[in-house]
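Heavy atoms only: backbone and side chains are in, while hydrogens, waters and symmetry mates are out. If you read the sequence from its start, that first residue is 1, and numbering goes on from there.
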Amino acid sequence: MAAGKAEVLIPTRFLIMTAHLTAVLMAMFSVDENVRATVGVSAPAPIPSSKQDQYDSETTKQRGYLALSMICFIIEYYGFFRGISMFRAGHNFFYMVVHLCGAMLCSLFVGSEWPSDRFLFLVLALNVLPSLIELLLIIKYYLFRIQK
């Protein structure tokens, strides 16, 4: 990668990935609001006993999606800080686009109180996919010691 590209892509990727992580952390603190939107109960009202099981089930699923998202971020930050994918211009651009979309959509998810089942699609497309690519690069690096 040319020095000019690296000077721009590497910090930009880090900042966008951190913005996406921040949006996911915001989603952790708004689980109740998003689950209430899924169940169909407004925020100040107590949850009726008829919907308590659905509320508990949706809360558990939402927390599972958030945990999966955090695992994906750990994998990506590991590969980034170890330098495994840091100097790959094509990968950096892909990660920047995916995490920019992730930061924006996750912020909309939190701000607009989307139903919690939509977060699964956000996690699969915008966290799991890039972390699988990063995991493949990590495996390739450690098994074959190949950097290019």
- Message: Quick check: closest heavy atoms across Asn127 and Pro130, and the distance to 0.1 Å?
- Response: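 Taking Asn127 first and Pro130 second, the nearest heavy atoms are O-CD, 3.4 Å.
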- Message: Ignoring hydrogens, what is the shortest heavy-atom contact between Pro46 and Val41? Give both atom names and the distance.
- Response: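 That would be O-CG1, 3.9 Å.
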- Sort and list the pairs that fulfil salt bridge (charged side-chain N to carboxylate O under 4.0 Å, His left out) and have at least one residue in residues 38-55, not counting sequence neighbours.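 Not a single pair qualifies under salt bridge (charged side-chain N to carboxylate O under 4.0 Å, His left out).
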- Listed once per pair and sorted, the salt bridge (charged side-chain N to carboxylate O under 4.0 Å, His left out) pairs that draw on residues 20-41, sequence neighbours left out: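 Non-adjacent pairs meeting salt bridge (charged side-chain N to carboxylate O under 4.0 Å, His left out): Asp32-Arg36.
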In Å, rounded to the nearest 0.5 Å, how long is the span from [atom1] of [X] to [atom2] of [Y]?
X	Y	atom1	atom2	value
Thr60	Asp56	OG1	CG	6.5 Å
Leu132	Ile75	CG	CD1	7.5 Å
Leu124	Leu68	CG	CG	7.0 Å
Phe80	Thr18	CZ	OG1	8.0 Å

Mind checking whether [X] and [Y] have side chains closer than 4.5 Å, heavy atoms only?
X	Y	answer
Phe119	Leu66	yes
Phe144	Ile139	no
Gln62	Thr59	no
Tyr65	Ser69	no
Ile84	Lys140	no

- Partner set under ring pair (Phe, Tyr, Trp, His ring centres under 6.0 Å) for Tyr77, not counting sequence neighbours: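 In terms of ring pair (Phe, Tyr, Trp, His ring centres under 6.0 Å), with neighbours along the sequence ignored, Tyr77 is linked to Phe81.
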Taking a hydrophobic cluster as the set of Ile, Leu, Val, Met, Phe, Trp and Tyr residues connected by side-chain heavy atoms closer than 4.5 Å, whether directly or through intermediates, do [X] and [Y] fall within one such cluster?
X	Y	result
Ile71	Val128	yes
Leu143	Ile133	yes
Met28	Ile74	no
Met86	Tyr142	yes

- Task: Please assess Met26 against Ser30 for the test side chain to side chain contact (heavy atoms under 4.5 Å, CB included), listing each intermediate value before the final yes or no.
- Result: CA-CA 7 Å; Met26 287 178 3; Ser30 71; 6.0 Å; no
Return a table of donor-acceptor pairs under 3.5 angstrom between the side chains of residues 9-17 and protein atoms on other chains or two or more places apart.
unit_1, atom_1, unit_2, atom_2, d
Thr12, OG1, Val8, O, 2.5
Arg13, NH1, Ser85, O, 3.3
Arg13, NH1, Ser85, OG, 3.0
Arg13, NH1, Asn92, OD1, 2.9
Arg13, NH2, Ser85, OG, 3.3
Arg13, NH2, Glu134, OE1, 3.3

- Query: Listed by chain and number, what are the side-chain contact (heavy atoms from CB on, under 4.5 Å) partners of Ser50, not counting sequence neighbours?
  - Reply: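 So Ser50 forms a side-chain contact (heavy atoms from CB on, under 4.5 Å) with Pro48.
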In a table with atom names and distances, give each donor-acceptor pair under 3.5 Å that connects a side chain of residues 99-118 to protein atoms at least two apart or in another chain.
unit_1, atom_1, unit_2, atom_2, d
His99, ND1, His20, ND1, 2.8
His99, NE2, Glu76, OE1, 2.7
His99, NE2, Glu76, OE2, 3.4
Ser107, OG, Ala103, O, 2.8
Ser112, OG, Leu108, O, 3.3
Ser116, OG, Thr38, OG1, 3.0
Ser116, OG, Glu58, OE1, 3.1

- Val97 and side-chain contact (heavy atoms from CB on, under 4.5 Å): which partner among Phe94, Phe93, Tyr95?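 Running side-chain contact (heavy atoms from CB on, under 4.5 Å) over Phe94, Phe93, Tyr95 with Val97 returns exactly one hit, Phe93.
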